[in-house]
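Before any comments, here is the structure.
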2 protein chains.
Amino acid sequence: MSLKYALLGFLNCKSMTGYQLKKVFDKSVRNFWNASLSQIYPTLNQMKNDGLLTMEIKYQESSPNAKIYTITDSGREELRKWLIEPLEPSQHRNAFLIKIFFGANIDKVLIASQLKHRLELAENNLAKYQQIRNGITENHSSEDGLTLFESLTVDYGIKNMEAVISWYKESIEKIESSQSN
Amino acid sequence: MSLKYALLGFLNCKSMTGYQLKKVFDKSVRNFWNASLSQIYPTLNQMKNDGLLTMEIKYQESSPNAKIYTITDSGREELRKWLIEPLEPSQHRNAFLIKIFFGANIDKVLIASQLKHRLELAENNLAKYQQIRNGITENHSSEDGLTLFESLTVDYGIKNMEAVISWYKESIEKIESSQSN
DNA sequence: CGCTACATGTAATGAGTTACATGATTTT
DNA sequence: AAAATCATGTAACTCATTACATGTAGCG
């Protein structure tokens, strides 16, 4: 359950509501982590019960009441412990590779077109990541630039997209020049 | 539920028991798909009930009775349909990147050592994939070589490992030469 | 005597998605 | 008038892991 630790990480910077946490997620780690509100709310509740957070209700006039969560010392310790201990790599399932593996069962043109579609998506992603990397969101001053660790996660995305783009291209070529089908 | 389609893919080649399917999984697609027996058995049962497979019990003397599953026309059609329709990329969660993202919270040496550990694992994986790629597990004749589509999945693994290895190396360097901590 | 291979499952738990439910205010 | 923003949740369901449960045969 890494969601817990991600929440601790963000709350360690600033106390927030679940709703705000969702927005922070989407702005910063969306490319390698996603969490829905219907997962965030119960998790925050659980964490509060476990003593990792405290909660305080902010009564508001023009918007619904908000529950502001604050990390406790115990929460900070939990986060630190998780960050320090090595995390074994999880083998990620890749359904697309299952398709490729059984590709011989259908017309090769249909496989190639799926690869081409993915290639396009990956190229868009790469462009997006490169923009983030170049820090150039224009309306942000240089002060808002990425920290070392934040930039490393973007670099990961870039390397990853470059690798898959290269694989898509080579795969398309190999399939199209193949004899069978 | 891609497990279903993977099972259909393998059963489309040859009728098998759940136990044998597990072994085939582990020998061919382990690097991008994993399935436990306690997941395979109920899934096969469900698929039989859905008419995608038929089952026949083979009574054996020296080993337990075996349930041999065979794909039906309906199953073949289901597989074909899945292979043909585009599959939207699933955003994969990466807990390790969450760690990196919050890396500033702990001593940079502790982050670097985790990266070095991962680098080692990735280098081992790359070597393994390259051996498979070279097909040439020596005791196999060229007939046993990989089909085009099988080899593409191995290429994916190689490209992927090369990318992460490069990222690990650059990240370690950047972290170690950084001022903070 | 213990380990591996063969062969099947169930039950409990965890993680995450999707659908459902509510309701005010502000922007287009 | 419709959509988005703020703000909270619950319930049902899916997918996968881990633990539990059984039992024979063959090998070292």
Side-chain angles (χ1 to χ4, degrees), chain A residues 1-8 11 15-27 29-30 32-50 53 55-69 82 87-95 98, chain B residues 1-8 11 15-27 29-30 32-50 53 55-69 82 87-95 98:
Chain A
M1 214 233 272
S2 298
L3 173 60
K4 183 168 114 178
Y5 301 102
L7 293 171
L8 286 173
L11 290 174
S15 294
M16 272 178 278
T17 68
Y19 193 86
Q20 287 175 313
L21 277 161
K22 168 66 174 162
K23 289 205 295 186
V24 171
F25 262 76
D26 288 350
K27 241 178 254 174
V29 299
R30 186 66 185 271
F32 51 93
W33 204 273
N34 183 36
S36 60
L37 282 169
S38 58
Q39 198 193 357
I40 290 173
Y41 289 131
T43 303
L44 286 170
N45 222 298
Q46 184 60 53
M47 290 166 74
K48 191 199 72 185
N49 292 341
D50 293 346
L53 309 175
M55 185 266 280
E56 172 187 14
I57 295 175
K58 189 182 166 195
Y59 297 93
Q60 298 174 120
E61 289 163 22
S62 59
S63 16
N65 296 334
K67 296 185 174 181
I68 297 167
Y69 289 94
W82 182 74
L87 181 70
E88 284 318 293
S90 63
Q91 64 226 31
H92 51 292
R93 289 180 169 79
N94 190 327
I98 291 284
Chain B
M1 215 231 272
S2 300
L3 173 60
K4 183 169 112 178
Y5 301 103
L7 292 171
L8 286 174
L11 291 174
S15 295
M16 272 179 280
T17 67
Y19 192 85
Q20 287 174 313
L21 276 161
K22 167 67 173 160
K23 288 204 296 186
V24 171
F25 262 75
D26 288 350
K27 241 179 253 174
V29 299
R30 185 67 185 273
F32 50 93
W33 204 273
N34 183 36
S36 60
L37 282 169
S38 58
Q39 199 193 357
I40 290 172
Y41 289 130
T43 303
L44 286 169
N45 222 298
Q46 183 60 52
M47 289 164 74
K48 190 199 73 184
N49 291 341
D50 293 347
L53 309 175
M55 185 266 281
E56 172 188 12
I57 296 176
K58 189 183 167 195
Y59 298 93
Q60 298 175 119
E61 289 166 20
S62 59
S63 16
N65 296 334
K67 295 186 173 178
I68 297 167
Y69 289 94
W82 181 73
L87 181 69
E88 282 319 293
S90 64
Q91 66 224 28
H92 51 291
R93 289 180 169 78
N94 189 329
I98 290 285

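Note that these values count all heavy atoms, side chains included, but never hydrogens, waters or copies made by symmetry. Chain identifiers are assigned alphabetically (A, B, ...) following the order of the sequence lines, protein sequences preceding nucleic acid strands; residue numbering begins at 1 within each chain. Please read all numbers here as calculations on a predicted model, not as lab measurements.
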Practice prompt. Take atom CD1 of A:Ile57 and atom P of D:dA7, then tell me their distance rounded to the nearest Å.
Written response: 13 Å

Worksheet item: Nearest to the side chain of B:Trp33, which nucleotide is it out of C:dC6, C:dG16, D:dA16?
Response: D:dA16

Item to complete: Check whether any side-chain nitrogen or oxygen of B:Lys22 sits under 4.0 Å from OP1 or OP2 of C:dT8, and answer yes or no.
Response: no

Worksheet item: Could you state the CZ-P distance from B:Arg93 to C:dA15, rounded to the nearest angstrom?
Response: 11 Å

Practice prompt. Could you check if a side-chain atom of A:Trp33 sits within less than 4.5 angstrom of a side-chain atom of A:Leu3, using non-hydrogen atoms only?
Written response: yes

Fill in: Any residue of residues 37-47 of chain A with a heavy atom less than 4.0 Å from an atom of DNA chain C
A:Ser38, A:Gln39

Practice prompt. Encode nucleotides 20-28 of chain C as B, S and - characters from 5' to 3', where the letter depends on protein heavy atoms closer than 4.0 Å: B to the base, S only to sugar-phosphate, - to neither.
Written response: ---B-S---

Worksheet item: In terms of side-chain heavy atoms of A:Met1, which of C:dA7, C:dA15, D:dA7 is nearest?
Response: C:dA15

Discussion item. The side chain of A:Leu3 is closest to which nucleotide in this list: D:dT17, D:dT8, C:dG16?
Written reply: C:dG16

Worksheet item: Between A:Phe25 (CZ) and C:dT17 (C1'), how many Å, whole number?
Response: 16 Å

Item to complete: Please determine, for the side chain of B:Tyr19, which listed nucleotide (C:dG16, C:dT8, C:dT17) has the closest atom?
Response: C:dT8

Discussion item. So, OP1 or OP2 of C:dA7: does either fall under 4.0 Å of a side-chain N or O from B:Gln60?
Written reply: yes

Worksheet item: Between B:Lys23 and C:dC6, is there a side-chain N or O to OP1/OP2 distance below 4.0 Å?
Response: yes

Fill in: Rounded distance in Å - CE (B:Met16) to P (C:dC6)
14 Å

Worksheet entry | Heavy-atom side-chain contact between B:Thr17 and B:Leu44 under 4.5 Å | no

Fill in: Nearest-Å distance for atom pair CG/P, residues B:Leu21 and C:dG9
12 Å

